[in-house]
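Computed from a predicted model, the values in this text were never measured in an experiment. Along the sequence shown, residues carry numbers from 1.
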Amino acid sequence: MHVLLLLAVVTTAVTVDSFTGFFRQPLSAPKYGTSSSLLKPSSILLHSSVTDDSAQVEPGELLSGWKGGRPLKVAIAGGGVGGLTCALAMLKRGMDVTIYERTEAFARFGGPIQFASNALSVIKAIDEDLFVRIMDRFTFTGTRACGIKDGLRANGFRMTDDSLDYVLNPDAPADWFVKFPLKQCADIFGLPYTGVIDRPDLQEILMDECRKIKSDFIVNGNGVVGYSSHGPGKGVTVNFSDGTSADADVCVGSDGIWSSVRAQMYGEEVKSSTKNKMKKQGCTYSGYTVFAGETTLSTEDYYETGYKVYIGPQRYFVTSDVGNGRVQWYAFFALPPGTKRAPSGWGGSERKDQANPEEDLVGYIKSLHEGWSDEVHYVLDNTPRESVEQRDLYDRAPELLRSWADGNVVLMGDAVHPMMPNLGQGGCQAIEDAYVLTEMLANTKTTGSIEKTLQEFYKKRILRVSIVQFLSRLASDLIINAFDTPWSPHDDKGKSWKSYLTFFWKPVLQYFIFPAQFAYLYSYHPTGSMGKLPAQLQEQWKSRHAIDSEKAFDEVQKAGQKSAGPSFFQAANAK
């Protein structure tokens with residue numbers, strides 16, 4: 001484990017030094033005219049098209065942005081966050097885009113999704129209106145204290161320092177182990193601060209912005225099940241679950257971790273798993289299952305903290321402010337896959353698939369945190385029992401030796417690089433994929449060059465995504481397998497070898513690893529610095545957040561707790 005952590009340090013440090021400049025550069029592309037002028041089809045077949053200033057030969061039909069060209073026709077499999085963002089980015093660049101989504105209709109479901117500073121920069125680069133609308137419904141967490149707390153010693157939701165004063169002073173609090181430099185790293189690059197937005201709100205905004213450009217951009221109830229790529233300049237035929245098909249220049253597989261597009265590309269069987277469930281459609285069980293819940297809860301530190309990771313023996317417990325007085329929590333346990341005690345997702349789902357529908361899941365999770373801080377038990381005690389849900393966590397090894405593209409077909413997001421949720425970068429990396437892919441295709445002159453462009457997209461993204469995947473997985477492995485209650489000379493709560501190791505790693509994490517990690521994550525920011533805008537957005541949000549939260553607290557006092565709505569993950573797992 002020492003070796004793994006050292007590798008993370010070296011990898012992060014080298015990458016920040018060597019690749020920050022490369023990743024932060026936005027891709028240039030020709031500017032287009034109005035969308036109406038772009039939607040005029042062209043049947044010109046160029047066996048040797050020539051630019052105004054070059055004799056370079058590029059076979060295929062000429063595409064938009066080049067005189068006489070037509071819009072690129074794109075079929076996107078999957079209407080999740082990545083697919084919708086990709087659709088909007090491409091529509092904004094004059095492409096003719098259609099999303100094919102398995103679900104019959106979109107409903108308002110799902111918990112909050114985290115957008116880190118790098119993703120917010122990408123969103124603003126894609127569309128100013130989109131950025132403004134997201135900010136209107138955003139809850140900032142990175143402006144406040146976020147970090148790791150001692151799961152056994154944390155006492156009363158108080159705000160304390162994360163220094164080593166407690167070692168010499170028995171009266172000094174030892175609540176906070178390490179705080180994350182989210183705000184400081186965002187300020188280095190002049191970016192908006194990390195936060196969350198409800199998936200239903202995000203989905204609604206993205207769909208509305210897409211419909212402004214193309215009213216019928218999405219087809220529901222007929223998911224992609226396969227494809228036939230016809231070679232350079234000849235496009236791809238996309239096959240659907242009802243037996244029909246459609247032709248396009250490009251097919252983008254953004255259909256999630258159990259992707260049908262990836263299944264064909266890599267020779268997998270959709271959702272097939274080994275008997276012990278350690279492998280499922282090419283994905284590996286992480287070793288962890290997560291329980292989740294949501295509650296509306298006023299605590300002493302509610303306005304001062306963003307999210308907290310409570311560490312202790314063999315597990316960790318995470319809480320996050322998700323706006324409107326709500327606290328979402330996650331409890332991670334090292335259990336075998338299929339240890340099913342609750343439905344997947346969270347919020348308002350049926351209990352019929354639960355091992356024991358009458359089981360008190362809150363009581364079960366509390367029993368696994370015996371001896372832990374009253375803070376953890378207070379959150380659990382105030383959680384509606386019917387809202388507790390569970391999901392086994394799967395991810396994939398980086399595809400360093402296997403391309404994301406097959407002819408005129410390409411994978412992006414969770415379809416090719418699902419990752420552990422510890423850094424909140426799953427959705428962020430899908431958004432980066434969408435932006436980079438769009439800019440590269442916008443610079444592609446003819447249909448005959450598409451296959452080359454898709455291979456270049458893979459090469460451009462694989463290094464960064466692999467590093468983020470590695471760091472996300474390492475965070476879980478270290479917290480559960482190498483970390484424990486930190487040693488203190490004043491009590492007997494941390495006396496194992498892991499406790500001593502955790503204590504000695506504290507300054508390294510605090511002053512080197514975490515600053516380097518978040519600086520690297522935020523180093524990709526195509527907008528460049530936003531100057532005073534991040535601080536202005538924070539101030540505007542702060543007063544709105546207080547008003548909305550106090551209203552929610554008053555409602556709970558009068559009417560009691562309510563369960564969250566149906567889960568986004570329910571729909572994802574049903575696909």
Side-chain angles (χ1 to χ4, degrees), residues 26-27 29-41 63-65 69-110 113 115 119-138 192 197-222 246 248-252 254 412-413 427-428 430-443 526-527 530 533 537 568:
L27 298 169
K31 301 300 180 184
Y32 302 127
T34 61
S35 58
S36 59
S37 67
L38 291 170
L39 295 178
K40 296 177 181 177
L63 295 172
S64 295
R70 66 165 176 83
L72 182 71
K73 188 172 183 179
V74 182
I76 298 178
V81 171
L84 287 170
T85 304
C86 189
L88 179 59
M90 290 181 170
L91 288 168
K92 293 286 292 185
R93 298 295 263 153
M95 301 177 199
D96 181 10
V97 182
T98 303
I99 289 180
Y100 298 95
E101 167 58 36
R102 291 187 182 99
T103 57
E104 291 292 338
F106 280 104
R108 286 188 63 84
F109 50 67
I113 179 173
F115 278 172
L120 294 175
S121 177
V122 175
I123 287 168
K124 193 172 189 295
I126 290 173
D127 185 49
E128 289 280 349
D129 291 340
L130 173 67
F131 178 77
V132 170
R133 292 185 67 178
I134 286 176
M135 289 296 97
D136 285 342
R137 303 192 190 184
F138 205 66
I197 182 172
D198 284 342
R199 286 180 186 268
D201 291 341
L202 176 63
Q203 172 187 289
E204 187 178 276
I205 293 168
L206 286 167
M207 294 184 69
D208 185 53
E209 292 297 322
C210 287
R211 288 193 175 112
K212 289 178 182 178
I213 304 172
K214 183 182 179 182
S215 59
D216 60 346
F217 82 98
I218 190 164
V219 176
N220 283 94
N222 201 14
D249 297 312
V250 179
C251 174
V252 179
S254 183
M412 61 163 280
C428 299
I431 289 170
E432 287 187 14
D433 284 349
Y435 176 72
V436 174
L437 178 61
T438 297
E439 296 298 292
M440 294 184 72
L441 286 173
N443 276 311
T527 58
M530 298 186 196
L533 181 60
L537 291 170
F568 174 84

Peer 1: For a quick test of reading the model, state the closest non-hydrogen atom pair linking E101 to G79 and the distance between them.
Peer 2: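 It is OE1-N, 2.7 Å.
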Peer 1: Output the distance between atom CG (D216) and atom SG (C210), rounded to the nearest 0.5 Å.
Peer 2: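 If I round to the nearest 0.5 Å, the distance is 12.0 Å.
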Peer 1: Roughly how far apart are K214 NZ and L88 CG, rounded to 0.5 Å?
Peer 2: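 That separation rounds to 13.5 Å.
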Peer 1: Please find the pair of heavy atoms, one from G94 and one from P71, that lie closest to each other, and give the distance.
Peer 2: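 Reported closest heavy-atom pair: O-CB, 3.5 Å.
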Peer 1: Would I205 and R137 count as a side-chain contact (heavy atoms from CB on, under 4.5 Å) if you check the C-alpha gap in whole Å, the side-chain angles of each, and the deciding distance to 0.1 Å?
Peer 2: CA-CA 10 Å; I205 293 168; R137 303 192 190 184; 4.3 Å; yes
Peer 1: Under the criterion side chain to side chain donor-acceptor pair (under 3.5 Å), I'd like the reasoning laid out for K73 against T98: C-alpha separation, chi angles, the key distance, then a yes or no.
Peer 2: CA-CA 8 Å; K73 188 172 183 179; T98 303; over 6 Å; no
Peer 1: List the residues meeting side chain to side chain contact (heavy atoms under 4.5 Å, CB included) with K212, not counting sequence neighbours, and say none if there are none.
Peer 2: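 K212 satisfies side chain to side chain contact (heavy atoms under 4.5 Å, CB included) with R133, D208, E209 only.
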Peer 1: Run L120 and F138 through side-chain contact (heavy atoms from CB on, under 4.5 Å) and show every step you take.
Peer 2: CA-CA 11 Å; L120 294 175; F138 205 66; 4.0 Å; yes
Peer 1: With side-chain contact (heavy atoms from CB on, under 4.5 Å) as the criterion, how do V97 and F217 come out once you've worked through the C-alpha distance, each side chain's angles and the decisive distance to 0.1 Å?
Peer 2: CA-CA 6 Å; V97 182; F217 82 98; 5.9 Å; no
Peer 1: Tell me if a side-chain donor or acceptor on D433 pairs with a main-chain N or O of G413 at a distance below 3.5 Å.
Peer 2: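 Answer holds: yes.
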Peer 1: Distance check, rounded to the nearest 0.5 Å: M530 atom CE versus S121 atom OG?
Peer 2: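 So the CE of M530 and the OG of S121 are separated by 4.5 Å.
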Peer 1: Between the main-chain N or O of T103 and the side-chain N or O of N220, is there a donor-acceptor pair closer than 3.5 Å?
Peer 2: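 Side chain of N220 to backbone of T103: a pair is present.
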Peer 1: Taking all non-hydrogen atoms of both residues into account, name the closest pair between I99 and G78 and its distance.
Peer 2: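 Closest approach of I99 to G78: CG2-O, 3.7 Å.
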Peer 1: Can you tell me how far CG of L72 sits from CG of L63, rounded to the nearest 0.5 angstrom?
Peer 2: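 Reported value, rounded in 0.5 Å steps: 5.5 Å.
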Peer 1: Kindly give the heavy-atom pair with the smallest separation between T438 and M95, and that separation in Å.
Peer 2: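 T438 and M95 have their closest heavy atoms at O-CE, 3.6 Å.
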Peer 1: Hey, mind stepping through I197 and I113 against side-chain contact (heavy atoms from CB on, under 4.5 Å) and telling me if it holds?
Peer 2: CA-CA 6 Å; I197 182 172; I113 179 173; 3.8 Å; yes
Peer 1: Which value, rounded to the nearest 0.5 Å, describes the distance between L206 atom CG and D201 atom CG?
Peer 2: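 Interatomic distance, L206 CG to D201 CG, rounded to 0.5 Å: 11.0 Å.
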Peer 1: Heavy atoms, side chains only, cut-off 4.5 Å: are L533 and F131 in contact?
Peer 2: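 Side-chain contact under 4.5 Å: yes.
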Peer 1: Closest approach of S254 and G82, non-hydrogen atoms and distance?
Peer 2: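 Scanning both residues, the minimum pair turns out to be OG-C, 3.7 Å.
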Peer 1: Can you list everything that forms a salt bridge (Lys or Arg N to Asp or Glu O under 4.0 Å) with K124? Sequence neighbours excluded, please.
Peer 2: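 Per chain and number, K124 pairs via salt bridge (Lys or Arg N to Asp or Glu O under 4.0 Å) with E128.
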Peer 1: Nearest 0.5 Å, what's the CG-CD1 distance between D96 and I213?
Peer 2: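 Between atom CG of D96 and atom CD1 of I213 there are 12.0 Å.
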